[in-house]
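Okay, structure first, notes after.
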Number of protein chains: 2
Amino acid sequence: MRPTVHDIAAAAGVSLATVDRVLNQRPGVREITRLRVEDAIRTIGYVRDVAAANLAKGRVYPLVFILPTNDNSFMHSLHAEVLQARARASAERTDIRIIEVPAFDPAALVRALEPLLEERPSGVALVATDAPDVRAAVDRLVIAGIPVVTLVSDLTGSRRDHYAGVDNVAAGRTAARLLGRFLGGRAGHLLVLAGSMLVRDHRERLEGFAAVMAEEFPRLTLLPVLEGRDDPELANAFVSDALSKDDAIIGIYSLGAGNRGLIRALKARGQGQDLTVVAHELTEYSAAALKDGTIDVILNQDAGHEVRSAIRVLKAKADGLGVIAAQERIRLDIFVKDNLP
Amino acid sequence: MRPTVHDIAAAAGVSLATVDRVLNQRPGVREITRLRVEDAIRTIGYVRDVAAANLAKGRVYPLVFILPTNDNSFMHSLHAEVLQARARASAERTDIRIIEVPAFDPAALVRALEPLLEERPSGVALVATDAPDVRAAVDRLVIAGIPVVTLVSDLTGSRRDHYAGVDNVAAGRTAARLLGRFLGGRAGHLLVLAGSMLVRDHRERLEGFAAVMAEEFPRLTLLPVLEGRDDPELANAFVSDALSKDDAIIGIYSLGAGNRGLIRALKARGQGQDLTVVAHELTEYSAAALKDGTIDVILNQDAGHEVRSAIRVLKAKADGLGVIAAQERIRLDIFVKDNLP
DNA sequence: CTGTTAGCGCTTTCAC
DNA sequence: GTGAAAGCGCTAACAG
C-alpha cells in the first residue's frame with residue numbers, strides 16, 4: 001500500500017493538518033517542524049493522490065480558450081474539439097469557457113487576455129497572433145501564476161508555458177522534400193498558395209519550404225507567393241489564373257487552410273498540365289481530393305490532439321505537475337491516399 | 001454542482017446503499033425500487049464520479065502485458081514503455097505485470113494466457129502471434145469478462161476488445177506509394193527485406209506494398225522477399241549479396257525491425273548504385289541513416305502511444321466505459337529527414 | 001430486501 | 001503554530 005498523509009503525520013509526529021500545510025506550502029508552520037515533515041515525506045517516499053485531493057477540494061479547473069472567429073474548416077474543427085472537450089468537462093473536472101476574437105487582430109486578443117488577470121482561471125489556451133502587445137499580455141498572465149498554452153500558432157519569445165501545435169518550419173521543409181522528390185529530377189515552376197503572410201505559422205511553413213527548395217532542388221523555381229486569405233473564391237481565381245498563364249508550373253504547395261478553391265481550380269484545369277500538389281489540413285474536401293488524385297500529399301495537424309493536449313498540460317501546470325513530454329508532442333501527420341484514417 | 005448519490009437517494013426515497021446497489025448492478029434490490037432509482041438517475045442526469053468511486057474502492061487495475069522476448073530495437077522500446085508505464089503505476093492506479101514469452105511461439109503464448117483465467121486481472125494486453133490456439137485462448141478470457149487488447153500485431157477473428165497498433169496493410173501501401181513516387185518514372189527492381197513471413201504484421205505490410213506496386217507502378221519489379229529474421233548479420237549479408245548481383249535494383253523496402261544490418265550493407269555498397277530506401281521503425285540507427293541520406297523515408301509506430309492507449313482502453317473496458325475513439329487510433333508516423341522529432 | 005455507518009486520502013474549518 | 005473533526009462522492013460491511 002502506498003503511504004498516505006497519515007503515515008507522514010505519524011512519522012513526523014505531527015497532525016494531518018500540519019502535514020497538509022507543508023504539502024501545500026501554506027503558512028503557519030515553524031521552520032523546524034516544516035523540515036521534520038519534509039524529511040518524513042522524503043524518506044517515506046510519499047506521493048500525493050491527486051484524485052483524492054481534488055475530491056476533497058471539490059476542485060474544478062476553470063479553463064479559458066481564446067479562438068479566432070476564422071471561417072475555415074480547420075478553425076471549425078478546432079472549435080468543435082473544444083466543444084467536445086466541454087462535453088467531457090464534468091468527468092475531467094474542467095469548466096471550459098470559449099472566448100471568440102476576430103482573427104489576426106492583436107488588439108482584440110489583448111482585450112480578451114486582460115480581464116483574465118482578474119478572473120484568474122486555472123489556465124488559458126490561445127491561438128496566438130504574433131505581436132508584441134500579445135506577448136506582453138501573455139507574460140503578465142504567466143507572471144501572475146496563470147498557466148498559458150499557445151495553440152496551433154506559437155508566440156516565441158513570450159513566457160507561455162507550452163505550445164500545443166506542430167513545428168511549422170519542419171512542416172514546410174517536409175512539404176518541400178516530398179514535392180521535390182515526387183517531381184523526380186524535373187525542372188519547372190512551383191506555385192505557393194498561402195493564407196496570409198501575417199500569420200506566423202504560414203510564414204514559418206514558407207520559410208521551411210523555401211529553404212529546402214533552395215538547398216536541394218535548384219531546378220525547381222518558386223513563383224511569388226499568392227495570398228488567398230483562405231478564401232475559396234480568391235484561391236480559385238489566383239490558381240486558375242496562374243495555371244493558365246504559366247505552362248511551366250509542375251507543382252503546387254498550398255500552405256494555408258481552406259483548400260476548396262484550390263481544388264476547384266485544379267479540377268477545372270486543362271488535361272495537359274501534370275501537377276504534383278502538396279496541401280495542408282485534412283478536411284472532407286481535401287481528403288476526397290487526395291483519394292481521387294487531385295492532391296498528392298496532405299500535411300495535417302490533429303485539432304483533437306491539440307485541444308486534449310492543451311487541457312492536459314494546463315491541468316498539470318495548475319497543479320505544478322509534470323507531463324509526459326512525448327505524449328504532448330503534436331506530430332505532423334502526413335497522408336497519401338493509402339493511409340487516410 | 002453536479003448531482004451526487006445523495007440527490008438520487010433523496011429523489012428516489014431510498015438509502016445510499018440501495019442507490020449504490022443499483023448503480024453497480026448488484027443483486028438484492030426489488031425490481032420496483034430498482035426502477036424508481038433508475039428513473040431518478042435518469043431524470044436528475046446523474047453521472048458517477050469515477051475518481052471518488054475508485055478512491056472508495058481502493059481500486060487498482062491489475063494489468064498483464066505479454067511481450068515477446070524479441071531482440072530488436074522496436075520490441076526493446078515497447079518493453080521500455082511498459083516499464084515507464086509501470087513507473088507511473090501508483091498515480092494511475094495500475095499494477096502492471098509483464099510476462100515474457102518466446103517470439104513467434106503460439107504454444108508459449110497460450111501457456112501464458114491460460115492461467116490468467118484464474119488470476120482474473122483487470123485487463124490483458126498481448127503482442128499476438130496469429131494462430132488458432134491463441135485466438136481460442138483470447139476468446140476464453142474475453143468470454144470470462146476479462147478485457148483483452150492486442151498490441152502491435154492484431155488477432156483478427158478473435159473477440160479481443162481492441163487493437164492498439166497501426167493498420168499494417170495501409171503501412172505497406174503507403175510505403176509503396178512513397179517509394180514509387182520517389183523513383184519518378186524509373187524502371188527497375190525492388191528489394192524487399194522482411195523479418196519473417198510468419199508474423200501477421202509483416203505479411204500485411206508486404207500485401208499492401210505488393211498491391212499498390214502492381215496496380216500503380218508496373219515498371220517496378222519486386223524481387224523475391226528476403227527474410228532476415230530481424231538479424232543484423234543476416235540482413236547485411238542478404239542485402240550486400242543482392243546488391244552486388246543485381247545492378248537493376250533501384251529501391252528497397254525494409255518492412256521488418258532491426259535495420260542495422262541493412263544500413264551497414266547500404267553504406268558499404270559501391271558509389272554507382274543510386275537507391276531509394278523506405279524502412280520501418282524509427283530508432284537511433286535508422287534516424288541517423290535518415291539524416292545522412294542512407295534512408296529516404298521511415299515509417300514508424302509510436303510504442304509509447306501504443307502502450308498508453310492499451311492501458312487507457314483496458315481501464316475503460318474494465319469499468320465498462322467508452323473511450324475517445326480518435327484518441328486511440330494509432331497513427332502511422334511518416335518521417336523524412338526534415339520532420340524528425 | 002433495505003438502511004446505517006464507517007472509511008478511502010486529502011483538505012478545511014475552527015478551536016486550542 | 002498546531003490539532004481535532006467533519007466532509008468531498010462513493011463503496012462496503014454489517015444490521016435489521
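Given the structure is predicted, the values throughout are model-derived calculations rather than measurements. Order of the sequence lines fixes the chain letters, A, B, ..., with proteins taken first and strands second; residue numbering starts at 1 for each chain.
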Pairs of donor and acceptor atoms involving the side chains of residues 76-83 of chain B, under 3.5 Å and at least two apart or interchain, shall be tabulated with distances.
from	atom 1	to	atom 2	distance (Å)
His76(B)	NE2	Asp71(B)	OD1	3.0
Ser77(B)	OG	Phe74(B)	O	3.0
His79(B)	NE2	Glu100(B)	OE2	3.3

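- Interface residues of residues 33-41 of chain B facing DNA chain C, ordered by number: Thr33(B); criterion, heavy-atom separation under 4.0 Å.
- Here Arg312(A) pairs with Glu328(A) under the salt bridge (charged side-chain N to carboxylate O under 4.0 Å, His left out) rule; sequence neighbours left out.
- Residue pairs meeting the salt bridge (Lys or Arg N to Asp or Glu O under 4.0 Å) criterion with at least one member in residues 22-35 of chain B, sequence neighbours excluded, are Asp20(B)-Arg26(B), Arg34(B)-Glu38(B).
- Look at Thr18(B) and you won't find any side-chain N or O under 4.0 angstrom from OP1 or OP2 of dT2(C).
- With respect to Asp95(A) and Arg86(A), no salt bridge is recorded, no charged nitrogen being found less than 4.0 Å from a carboxylate O.
- A salt bridge is defined here as a Lys NZ or Arg NE, NH1 or NH2 lying under 4.0 Å from an Asp or Glu carboxylate O, and Arg135(A) with Asp130(A) meets this definition.
- The salt bridge (Lys or Arg N to Asp or Glu O under 4.0 Å) analysis of residues 117-127 of chain B, with sequence neighbours excluded, yields the pairs Arg97(B)-Glu119(B).
- Each end of the helix from dC1(C)-dG16(D) to dC16(C)-dG1(D) gets its own rotation axis from five pairs of C1' atoms, and the angle between them is 40° to the nearest 10 degrees.
- Nucleotides of DNA chain D with any atom under 4.0 Å from a heavy atom of chain A span, from 5' to 3', dG1(D) to dG9(D).
- Screening residues 151-165 of chain A for salt bridge (Lys or Arg N to Asp or Glu O under 4.0 Å) gives Asp154(A)-Arg160(A) as the qualifying pairs, with residues at least two apart or on separate chains.
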Restricting to nitrogen or oxygen on both sides, can you table the protein-nucleotides 10-12 of chain C pairs closer than 3.5 Å?
from	atom 1	to	atom 2	distance (Å)
dC10(C)	OP1	Tyr46(A)	OH	2.3
dC10(C)	OP1	Asp49(A)	N	3.1
dC10(C)	OP2	Val5(A)	N	2.6
dT11(C)	OP1	Arg48(A)	NE	3.3
dT11(C)	OP1	Arg48(A)	NH2	3.3
dT11(C)	OP2	Asp20(A)	OD1	2.4
dT11(C)	O5'	Asp20(A)	OD1	3.1
dT12(C)	OP2	Arg26(A)	NH1	3.2

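- Under the salt bridge (charged side-chain N to carboxylate O under 4.0 Å, His left out) criterion, Arg93(B) pairs with Asp49(A), sequence neighbours left out.
- Residues passing the salt bridge (charged side-chain N to carboxylate O under 4.0 Å, His left out) test with Arg140(B), sequence neighbours excluded: Glu114(B).
- One finds a salt bridge joining Arg42(A) and Asp39(A) here, because a Lys/Arg side-chain nitrogen approaches an Asp/Glu carboxylate oxygen to under 4.0 Å.
- Pairs of residues two or more places apart, or lying in two chains, that qualify as salt bridge (Lys or Arg N to Asp or Glu O under 4.0 Å) and include a residue from residues 51-67 of chain B are Arg59(B)-Asp319(B).
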